[in-house]
Amino acid sequence: MLVAAAALGAVVAVLLVDTPSRTTSPPDAATPPPAARSATSPSPSPAPQLAQVGQTATNGGITLTVTAARTVESIDMNQSGFRPGSGYETYTKTEPEQGGSFVVIETHVTNDGQSSLDLTCSWPIDAKLVDDRDRNFDPIGELYELKGNPECNKQLQPGFEDEMTYVYLVPADAKIVTWGFRDVTNPSGSSNFTLIRLDV
């Protein structure tokens, strides 16, 4: 959906520029009839196909699979200040603010790029959640505190893979339809999002 609006705008712009003006002069005998003209005109391009949950998708140097997408009543966050696995960490059950709900997107990420990725404390992957009103939602902060996520500054080296979960705070009545991601580690890379169809 992030790309569809821009594509639609481009099509409208082309139509406005290329539409011939109407004339009252008699038709030219050399001009083919409408049926013949339409037979040679190009057909419209098909809409881009969206990946599904469980399918692998690629954007830049990021290869990613959404393994699950669901709404939850709470999430477990390590706000103790101790590293996961230290034996001293504790997890706090965190609920969304009133009128909201949490949408959890679980992913499997492979680094097919040229440099390491800090998945939780940097911004190598721009990931947006989109509802049926085309509203774009950002992940919550401190994703490194989320139970099961990579630690802050843990570098995913090229050729390696890891599990990464994104959490979004959305209005409780939001109908989520897509999730999009893009690799932002390469400044010369594409600005387009790769989209995954959801039903959350």
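Because the structure is a prediction, the values reported are computed rather than measured.
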**OP:** Decide yes or no for Leu156 and Leu119: does some side-chain heavy atom of the first lie under 4.5 Å from some side-chain heavy atom of the second?
**Re:** yes
**OP:** Compare all side-chain heavy atoms of Asp76 with those of Thr92 and state whether any distance is below 4.5 angstrom.
**Re:** no
**OP:** Could you tell me the separation between the NZ atom of Lys147 and the CD atom of Glu89, rounded to the nearest 0.5 Å?
**Re:** 8.5 Å
Subject >> Carboxylate-amine/guanidinium proximity below 4.0 Å for Lys154 and Asp118 >> reply: no
Original post:
How far does CG of Leu64 sit from OG1 of Thr58, to the nearest 0.5 angstrom?
Top reply: 9.0 Å
Original post:
Roughly how far, to the nearest 0.5 Å, is CG of Asp112 from CD1 of Ile62?
Top reply: 8.0 Å
Subject >> Nearest heavy atoms of Tyr168 and Ala127, plus distance in Å >> reply: OH-O, 3.1 Å
Subject >> Shortest non-hydrogen separation from Val200 to Ala69 and the atoms involved >> reply: CG2-CB, 3.9 Å
Original post:
For Glu97, does the CD atom sit with more than 12 other heavy atoms under 6.0 Å from it, leaving out its own atoms?
Top reply: no
Subject >> Residue pair Thr71 / Ser101, side-chain donor-acceptor N/O under 3.5 Å >> reply: no
**OP:** Looking only at non-hydrogen atoms, find the nearest pair between Phe102 and Pro96 and report the distance.
**Re:** CE1-N, 3.3 Å
Original post:
Should Ile196 and Val104 be regarded as members of a common hydrophobic cluster, given that ILVMFWY residues are connected when their side-chain heavy atoms come within less than 4.5 Å of each other, either directly or indirectly?
Top reply: yes
Original post:
With hydrophobic residues grouped by side-chain heavy-atom distances under 4.5 Å, do Leu198 and Ile140 end up in a single group?
Top reply: yes
Original post:
Less than 4.5 Å apart, any side-chain heavy atom of Asp126 and any of Phe181?
Top reply: no
Subject >> Closest non-hydrogen atom pair, Ser116 against Asn111 >> reply: CA-ND2, 3.8 Å
**OP:** Look only at the side chain of Asp138 and the backbone of Leu129, and say whether a donor-acceptor pair between them is shorter than 3.5 Å.
**Re:** no
**OP:** Could you tell me which non-hydrogen atom of Leu143 sits nearest to which non-hydrogen atom of Val167, and how far apart they are?
**Re:** CD2-N, 3.9 Å
Original post:
Within the distance-only criterion (no hydrogens, no angle test), does the side chain of Asn136 pair as donor or acceptor with the backbone N or O of Asp134 below 3.5 angstrom?
Top reply: yes
**OP:** Report yes if the side chains of Arg83 and Glu151 come closer than 4.5 Å at any heavy-atom pair, otherwise no.
**Re:** yes
Subject >> Joint cluster assignment, Tyr91 & Phe82, ILVMFWY side-chain distance < 4.5 Å >> reply: no
Subject >> Gap between atom CE of Met77 and atom CD of Glu142 - 0.5 Å precision >> reply: 6.5 Å
**OP:** Let me see the working for Ser80 and Asn78 under side chain to side chain donor-acceptor pair (under 3.5 Å), right down to the final yes or no.
**Re:** CA-CA 6 Å; Ser80 65; Asn78 177 14; 2.6 Å; yes
Original post:
With distance as the sole criterion, is a donor-acceptor pair present between the side chains of Thr185 and Asp183 under 3.5 Å?
Top reply: yes
Original post:
Roughly how far, to the nearest 0.5 Å, is the OG atom of Ser74 from the NZ atom of Lys93?
Top reply: 4.0 Å
**OP:** Run the salt-bridge test on Lys175 and Asp131 with the 4.0 Å N-O cut-off and return the result as yes or no.
**Re:** no
**OP:** Answer yes or no: is there a donor N or O on one side and an acceptor on the other, between the side chain of Thr107 and the main chain of Met164, under 3.5 Å?
**Re:** yes
Original post:
Where do Arg197 and Val53 come nearest, in terms of heavy atoms and distance?
Top reply: O-CG2, 4.0 Å
Original post:
Taking side chain as C-beta onward, heavy atoms only, is Gln114 less than 4.5 Å from Pro158?
Top reply: no
Original post:
Below 4.5 Å, heavy atoms only, C-beta onward: do Arg182 and Phe193 meet side chain to side chain?
Top reply: yes
**OP:** Applying side-chain contact (heavy atoms from CB on, under 4.5 Å) between Tyr166 and each of Val103, Ile125, Asn149, Val66, report the one that passes.
**Re:** Ile125
**OP:** For Thr67 and Glu106, indicate whether the former's side chain and the latter's backbone hold a donor-acceptor pair under 3.5 Å.
**Re:** yes
Subject >> Heavy-atom check, side chain of Phe137 versus side chain of Leu169, under 4.5 Å >> reply: no
Original post:
Got Asp199 and Ile176 here, is their nearest side-chain heavy-atom distance under 4.5 Å?
Top reply: no
**OP:** Output the distance between atom NZ (Lys128) and atom CZ (Arg135), rounded to the nearest 0.5 Å.
**Re:** 14.5 Å
